[in-house]
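Quick note on labels: first sequence line is chain A, next is B, and so on, each numbered from 1.
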Amino acid sequence: MINPFHFLKKVWLTIDIPCAAVFLSAAIGAVLLNFSGANPLDAYGALFQGSFGGMSALGRTLEKATPLIFSGLAVAFAFKAGLFNIGTQGQLLFGALAAAVAGFGLAGMPGWLHAPLALLIGAFAGGIYSAVQGALKAYTGSHEVITGIMLNYVAINLTDYLTNGPLKDDTPGNIIARTPLVMETSWLHRIGSFPVGFGLALIASLVVWWFLERTTFGFEISTVGHNSHAASYAGMNVKLIIVWTMLLSGILAGFGGAVETLGVVHRYQPGFNIGLGFEGITIALLGKTHPVGVVLAALLVGAMKAGSSQMQFHAGVDKAIIDVILALILFFVAADVLIRKILRRRETKGEKVLFSTGWSK
Amino acid sequence: MFQKYINSRCGIVRGLSFLVLLVILWSYFYDSAITEAVLASALRQSTPLALGALCGLMGERSGVINIGIEGQMLLSAFVGFLVSVWTGNLLFAVLTGVATGAVIGLLLAFMSVSLRIDQILGGTVINILGFGLTGYFYQVGLNTKGKLQSISLGPLQDIPLLGPVLFNNPPITYLTLVLVLVVHYVLFHTHWGLRTRAVGEHPRAVDTLGINVFLMRYTNVVLGGAIAGLAGSFLTLEAVGSFERGMTNGRGFVALAVMIFGKWTPIGSWGAALLFGLAIALQTQLQFGGQTIPHQFIGMLPYLLTVVVLAGFVGRARPPAAVGTPYTKE
Amino acid sequence: MTQQPLLELHGITKRFGDALASDHIDFNLYPGEIHVLLGENGAGKSTLMNIIYGLSTPDAGNIILKGNSVKIKQPRDAIGYGINMVHQHFMLIPVFTVAENIMLGHETRWGFSLDKKKASQEIQQLSQDYGLEVEMDALVENLPVGLQQRVEIMKALYRETKILILDEPTAVLTPREVEDLFRVMRNLTEKGISIILITHKLKEVMTIADRITVMRAGRVVGTTSPSKSSEEELAVMMVGRKVVLQIRKKPLQAKDVLLDVKEFTVSDDQQMEVLHQVSFQVRAGEIFGIAGVQGNGQTELALALAGLLPFNRGRVCLAGKVMPSLHPRVLMNHGWAHIPEDRQKHGLVLPYSVADNQILNTYHQPPFSSLLRRNKEVILVNSTRLIEQYDIRTSGPRNPVSELSGGNQQKVIISRELDRKICCLLANQPTRGLDVGSIEYIHQQIVRLRDQGVAVLLISSELDEIISLSDTIAVMYCGKIAASAPSDHWTKEQLGLMMAGYSPPPKSLTWGNRKLL
Amino acid sequence: MCILFRKLIIVLFFVCLNSVVIAAASDCRKKEILCVGLVTDVGTVDDKSFNQSAWEGVQQSAEEIGTVIKYLETRDPKDYMVNISLFAENDYDVVVTVGFGLGEATSQAAKQFSDVKFIGVDQFQANALSNVAGLIFHEDQAGFQAGALAAMLSKSGVIAAVLGTNLVPPVVAFKEGYVSGARYINAKIQVISTYHPGGLAVAFTDPEWGASTAKQAIDQGADVVFGAGGTTGNGGLIEAASHSEKYCIGVDTDQWLTLPAAHPCLVSSATKRIKEGVFQLIQHAKESQFPSGNFFGEVGLSPFHDFDNKIPQYIKEKLTEIHMGLRNGSIKTK
């Protein structure tokens with residue numbers, strides 16, 4: 001039914017701009033590296049080796065990409081309903097903490113039950129925190145960006161307090177603010193060097209795609225996102241849908257936090273999840289809010305994070321260069337007009353994505 | 001009817017301000033030194049927020065969301081610092097900081113007005129770029145030759161309570177107070193402001209009147225950037241005297257909240273910034289006073305308060321109608 | 001008129017992609033005349049005016065002003081030459097005052113400051129000179145449409161206009177306001193201002209025009225004057241074929257009351273009561289037309305009946321059942337259909353495909369959904385059928401509805417709403433802004449439903465539409481039903497006066513809810 | 001432009017392919033060369049704080065005993081293990097890990113790479129491993145001395161402390177020592193102190209807050225400011241420097257050398273001699289006398305520099321007395 005050649009061409013036409021953006025940014029990054037006295041070839045070589053050179057490097061890349069996929073999906077999901085979930089960070093923290101509590105608090109459970117249960121608890125903790133934001137938006141009209149920023153600060157403070165107070169690890173000799181280790185029954189292991197969490201992230205992105213594209217609820221969400229007046233005309237409960245969307249978005253973020261706790265850190269410790277939620281915004285924008293795009297963008301950023309140590313080790317390059325390159329990539333993906341000029345391609349219809357339509361209407 | 005709504009809200013705001021004033025007076029008679037210290041600290045902490053909010057609202061009033069205030073502040077703080085190190089001339093350093101902010105503003109305007117990139121994306125680019133560039137190029141061991149010092153305004157300084165708080169400050173703090181008034185005046189009492197607000201509400205209408213929408217947006221975003229540059233200069237050249245990676249610590253984002261809290265008006269934003277500054281200063285004071293409440297609880301109070309206030313009665317703020325949408329000529 | 005034309009266009013051509021929007025247009029305008037540009041929607045009138053006003057530049061052709069060839073690249077140039085335009089969608093800033101709107105871009109300054117006082121005086125002077133009265137300090141968003149238009153005209157006068165372009169100015173006005181407007185226009189031409197009036201309403205053309213230029217599909221079909229041609233001739237020139245201007249329908253055979261609205265009271269979103277105890281009944285097989293000037297509560301009545309605005313008090317019975325609450329989905333399940341006033345705001349999701357828009361409110365029902373899953377195949381098949389049945393011009397069911405013309409967009413809504421089994425139809429401004437062909441089609445569909453026994457509630461500010469379609473006509477004024485009576489009891493003049501709040505009602509009418517005689 | 005761009009892509013592609021086979025510098029395999037790697041805590045190597053001090057110790061070893069050195073900065077705490085392993089796998093002999101946060105990763109790595117020696121700065125060793133030396137400090141003692149100095153210098157009877165977050169144990173230890181030290185001198189002294197209200201991400205990098213807070217304290221009478229919390233504390237020190245007649249006390253290293261802007265007020269710093277401790281341990285490793293378990297580094301006050309002749313003799317004597325007392329245990333910090 002689908003002509004494979006056409007399909008490939010379509011795929012290429014979708015990813016050529018991001019690919020060009022990556023190369024262009026790498027080139028500019030090389031100039032910067034050269035300017036500061038490092039050898040760009042060595043640097044990029046080491047970066048590549050550290051992220052894809054060998055199974056353990058690959059595993060590390062996947063591991064880094066996993067939470068980014070989740071928070072990227074969370075942001076992208078909310079975007080579909082016209083909501084800018086900047087509160088992903090706080091939701092992720094709560095997810096991570098709740099999963100940790102479930103991980104060390106529920107004793108005597110079999111592994112097949114403990115890990116999924118802890119994951120779910122983490123996911124719902126994030127979801128509920130996010131639903132508060134959604135409810136504030138829907139029923140009081142306060143803008144989700146502002147409440148999101150504020151609730152992030154609240155989340156950081158609250159989790160810091162809990163991990164330094166009631167939930168503090170009381171094993172003798174510990175002085176650090178952190179929770180106890182979660183029980184091994186709740187761990188998400190690796191299969192070879194392939195982290196199970198990454199598999200879950202892939203499944204999640206598949207589910208999100210299916211949900212948005214193929215279900216009536218997905219239809220409702222995107223209707224609200226495109227035209228909330230038409231949505232209420234069509235009998236949809238716009239306010240409730242906003243709350244639900246935020247809940248689900250928060251569940252994705254919380255799930256990411258839970259996977260991080262159960263699969264990587266094995267406890268909750270302040271400072272271990274910094275930035276993972278915020279980076280979701282970057283990932284969602286880079287992936288043009290499409291679930292597949294989110295996975296690819298997360299892999300790219302994950303690879304850069306995973307390879308950065310190798311890069312510094314072998315080429316002596318400050319890791320901050322990665323931020324610069326990432327910003328450039330984002331810029332070029334966004335400013336596809338420039339890339340098109342270089343590639344000499346005309347804009348195709350309906351390709352331009354606008355995420356924000358200003359503050360709430 | 002809308003008028004009535006405004007009035008009722010003003011009533012609440014007035015009532016609240018009156019209450020705050022009463023508490024301040026009471027505490028002044030209770031302990032004047034501490035009250036002055038807290039208020040001075042509040043004013044100081046509010047300065048970068050107020051400046052950031054002014055930057056945000058210049059952009060938004062002309063229809064451009066600026067979520068990149070954080071990056072603008074950081075980059076100009078950095079450049080201002082570098083210039084101060086190299087030349088030792090603080091005035092020149094402040095000016096270059098301001099210029100840097102303006103240049104980043106130009107970049108934002110280029111992205112959101114000319115390239116018509118999604119505006120939130122453009123701001124995010126600036127934020128990441130700000131962290132990356134300053135992190136990458138910052139070198140340790142650079143030291144400035146000092147920072148901007150307080151200038152006391154002679155006899156005004158002897159007014160009880162107000163004197164030490166308001167009239168004994170370093171230049172950028174004074175400048176902020178002046179800028180709040182200037183931006184208010186420009187927005188609401190000049191033809192430039194009239195056009196700016198019109199562009200933010202209904203760009204096509206303005207276009208049909210022969211006013212250049214792009215130019216209006218460019219200029220406002222660039223001027224806003226300059227103000228954010230001043231906020232950055234405040235951090236390195238007035239408040240601290242040195243640069244640190246990531247030293248803005250989210251002030252650019254809080255400034256956005258402050259702007260919305262202040263309903264996109266300069267004076268309202270300034271009031272909101274003061275409220276934030278006061279909250280931070282108060283939580284410090286509570287710790288000074290030996291409170292045993294975990295400091296995280298006090299630390300999150302201003303943020304919780306914002307959420308409550310937003311949900312309670314500032315929720316239905318009306319943003320400029322065209323904000324966030326790139327303008328295309330037919 | 002042998003004098004030199006004020007404005008001449010020679011061979012103006014403009015392409016959008018492959019489509020020719022203007023095809024070698026020649027046009028001229030003499031000082032002090034009202035020159036009507038007549039044509040269907042999409043005939044290229046607006047494109048032409050945008051070219052004169054500098055909003056777009058022609059690919060070829062000359063603009064000659066007072067004998068000199070000029071280039072108009074942007075509105076600023078046009079304003080400089082004394083050309084001003086009142087757009088169909090007003091170019092006013094809703095949150096600004098009247099005075100601010102008028103002086104925007106042409107401000108009176110005192111140093112850096114705005115000299116609001118002086119500007120107000122100047123505007124006051126203008127409004128006295130031209131007999132245009134409006135409160136200087138009112139916010140534009142609080143003004144009725146007629147006054148907003150006045151502000152637009154004053155904007156032009158404030159810039160010392162010589163050529164005034166009015167784009168579909170009467171679309172939103174009452175007959176009385178239209179009269180007012182025409183009076184003002186005459187006033188202006190007496191003072192030497194030339195007016196280009198864009199419209200597709202034939203009757204107005206006959207009363208106001210000095211000369212008429214008819215456009216069709218980007219070309220000028222001909223130039224004439226009211227004395228030289230009849231309405232029918234103009235219609236043929238405009239549409240290119242003969243059109244039936246009268247609607248034929250069977251005599252009324254009203255049966256049971258299907259829609260019964262009692263003491264319905266509604267507040268708008270700023271908590272102001274805009275609808276006061278409105279009661280009426282619509283029977284099966286009846287078209288109940290509500291006439292009225294925009295802003296007298298029709299919009300809120302429609303929104304509240306459709307469940308999009310909460311109502312304060314009152315009771316609504318649909319097909320004999322009291323509706324406990326009004327919710328779009330509950331209403332739909334009881335056989336309610338709604339053609340909304342603002343089709344792009346309420347009726348359609350523009351980026352969605354035609355197919356998705358056609359199931360916008362039935363998406364959750366089988367066969368379009370089973371459990372949670374959307375049945376894309378069924379949705380497409382459904383759409384293909386509807387596209388054919390309702391003659392929607394589109395490249396396919398997957399085509400985004402934003403790429404369709406206004407008439408076809410409305411057909412998408414109609415195909416969605418009328419394809420169900422319905423007992424009651426609320427049609428609010430169903431033909432606003434559409435071309436003659438689409439209007440005709442939609443009128444036919446409404447009459448077809450009536451003949452099938454559906455109760456139709458028609459709200460329109462087009463008096464002709466109300467008169468020709470309705471079996472019963474009610475007039476809304478200031479949030480109340482001022483009067484209602486069978487359509488043959490009304491004359492057009494009476495209706496017009498009632499809509500403007502004047503004059504006692506005709507005999508044997510009700511006043512409010514009270515029988516008068 | 002287009003062709004150029006394609007060329008660029010091709011070049012970059014081959015570069016990536018080729019560079020996969022880059023070999024690591026293999027000098028470290030040789031027995032006679034001692035390779036020392038350092039892994040920072042989250043932050044940079046030039047943080048004017050513990051990362052920098054430790055790195056200076058490593059640098060000293062390169063200069064004086066000819067070690068081959070390299071550092072890796074940690075951006076994500078989850079990379080602790082990765083970064084440590086990178087050194088171990090490249091045949092480094094000694095790995096310095098900086099900060100209590102790396103404790104767990106260090107002991108894990110020590111078990112995995114038993115022939116590599118680890119120096120864990122600020123890492124208390126509850127169970128000694130043969131190839132790990134935890135370089136730890138009595139921060140409370142340093143804080144105690146700072147507090148005593150502050151109390152003796154203060155004329156107003158109010159002294160202040162501007163601190164990082166209480167999530168980090170050394171900061172808490174500094175603070176508690178500071179308070180007890182001040183009380184030891186003057187039981188009625190008022191110590192006003194505050195932790196940064198934000199989380200770990202910002203608590204040590206917010207000089208503006210530090211400065212404002214110091215000002216707030218000074219405005220209510222504090223005349224000595226102790227800044228303990230990375231650049232947040234530095235902000236407090238610089239602020240105090242801009243007021244006349246105020247003193248400030250730095251932390252961790254001798255901040256006279258790292259923070260010239262604070263010279264007008266900086267009497268001393270409550271130091272942990274991380275640099276010296278790290279260097280000593282590397283020396284031990286070189287001489288194959290690497291200790292295991294806990295290795296206590298020196299703490300104390302740094303020299304007074306320009307303030308040396310302004311500080312009365314009795315204060316100096318008292319400080320010496322306290323220093324000795326703390327050492328022999330006759331003075332307790334709690």
Side-chain angles (χ1 to χ4, degrees), chain A residues 32 36 84 86 132-133 135-137 139-143 145-147 149-162 164-165 278-279 281-282 285-286 317-331 333-338 352-361, chain B residues 60 63 65 67 71 107 110-111 114-122 124-138 245 250 253-254 256-257 260-261 294-307 309-312 314-317 319-326:
Chain A
L32 276 181
S36 59
F84 187 31
I86 205 170
V132 170
Q133 218 178 313
L136 284 171
K137 161 94 177 177
Y139 296 104
T140 73
S142 40
H143 197 274
V145 168
I146 304 308
T147 51
I149 292 173
M150 297 300 133
L151 289 178
N152 278 342
Y153 285 109
V154 173
I156 291 170
N157 276 307
L158 208 59
T159 50
D160 279 359
Y161 162 71
L162 289 172
N164 201 26
F278 276 123
E279 277 160 8
I281 299 167
T282 314
L285 296 175
L286 205 53
V317 175
D318 192 318
K319 290 177 177 178
I321 191 72
I322 285 180
D323 289 336
V324 179
I325 295 178
L326 190 59
L328 288 170
I329 293 177
L330 197 58
F331 171 74
V333 167
D336 51 0
V337 193
L338 294 179
K352 194 131 191 123
V353 194
L354 263 192
F355 312 107
S356 53
T357 48
W359 307 107
S360 63
K361 292 282 151 63
Chain B
E60 301 223 345
I65 291 182
I67 205 172
L107 175 67
F110 175 66
M111 288 194 284
S114 295
L115 295 181
R116 296 200 293 277
I117 296 180
D118 182 88
Q119 295 178 355
I120 286 189
L121 216 160
T124 311
V125 167
I126 285 179
N127 285 336
I128 305 180
L129 209 58
F131 281 102
L133 284 178
T134 55
Y136 187 69
F137 285 110
Y138 175 64
R245 293 187 178 91
F253 292 110
V254 177
L256 265 184
I260 294 182
F261 209 152
H295 73 86
Q296 283 93 355
F297 283 123
I298 313 170
M300 69 177 140
L301 263 184
Y303 306 114
L304 268 183
L305 185 76
T306 310
V307 172
V309 171
L310 275 178
V314 195
R316 310 233 175 249
V323 77
T325 39

* Asked: Taking the side chain as C-beta and beyond, is there a heavy-atom pair between A/Phe331 and B/Ile126 under 4.5 Å?
  -> no
* To do: Please report the C-alpha distance between A/Leu158 and B/Met300 in whole Å, then the side-chain angles of each, then the deciding distance to 0.1 Å, and finally whether the side-chain contact (heavy atoms from CB on, under 4.5 Å) criterion is met.
  => CA-CA 8 Å; A/Leu158 208 59; B/Met300 69 177 140; 3.2 Å; yes
* Point-to-point distance, once rounded to the nearest 0.5 Å, from CE of A/Met150 to CZ of B/Phe253 -> 11.0 Å
* To do: Please round to the nearest 0.5 Å and tell me the distance separating atom OG1 of A/Thr282 and atom CD1 of B/Ile128.
  => 3.5 Å
* To do: Find the distance between CZ (B/Phe131) and CG (A/Asp323) and round it off to the nearest 0.5 Å.
  => 9.0 Å
* Structure fact -> Value for CG (B/Leu304) from CG (A/Leu151), rounded to nearest 0.5 Å, stands at 7.5 Å
* Side chains of A/Leu32 and B/Phe137 in contact at under 4.5 Å (non-hydrogen atoms) -> yes
* Side chain, backbone, both or neither: which part of A/Ile329 has a non-hydrogen atom closer than 4.5 Å to chain B? -> neither
* Please state whether the side chain, the backbone, both or neither of A/Phe84 comes within less than 4.5 Å of a heavy atom of chain B. => side chain
* Would you give the length of the straight line joining atom OG1 of A/Thr159 to atom CD of B/Gln296, rounded to the nearest 0.5 angstrom? => 8.5 Å
* Asked: Measuring from B/Asn127:CG to A/Ile281:CD1, what's the distance to the nearest 0.5 Å?
  -> 9.5 Å
* Any side-chain heavy atom of A/Ile149 sitting closer than 4.5 Å to one from B/Tyr303? -> no
* To do: Please state whether the side chain, the backbone, both or neither of A/Leu136 comes within less than 4.5 Å of a heavy atom of chain B.
  => side chain
* Asked: Which heavy atom in B/Gly135 sits nearest to a heavy atom in A/Ala320, and how many Å separate them?
  -> C-CB, 3.7 Å
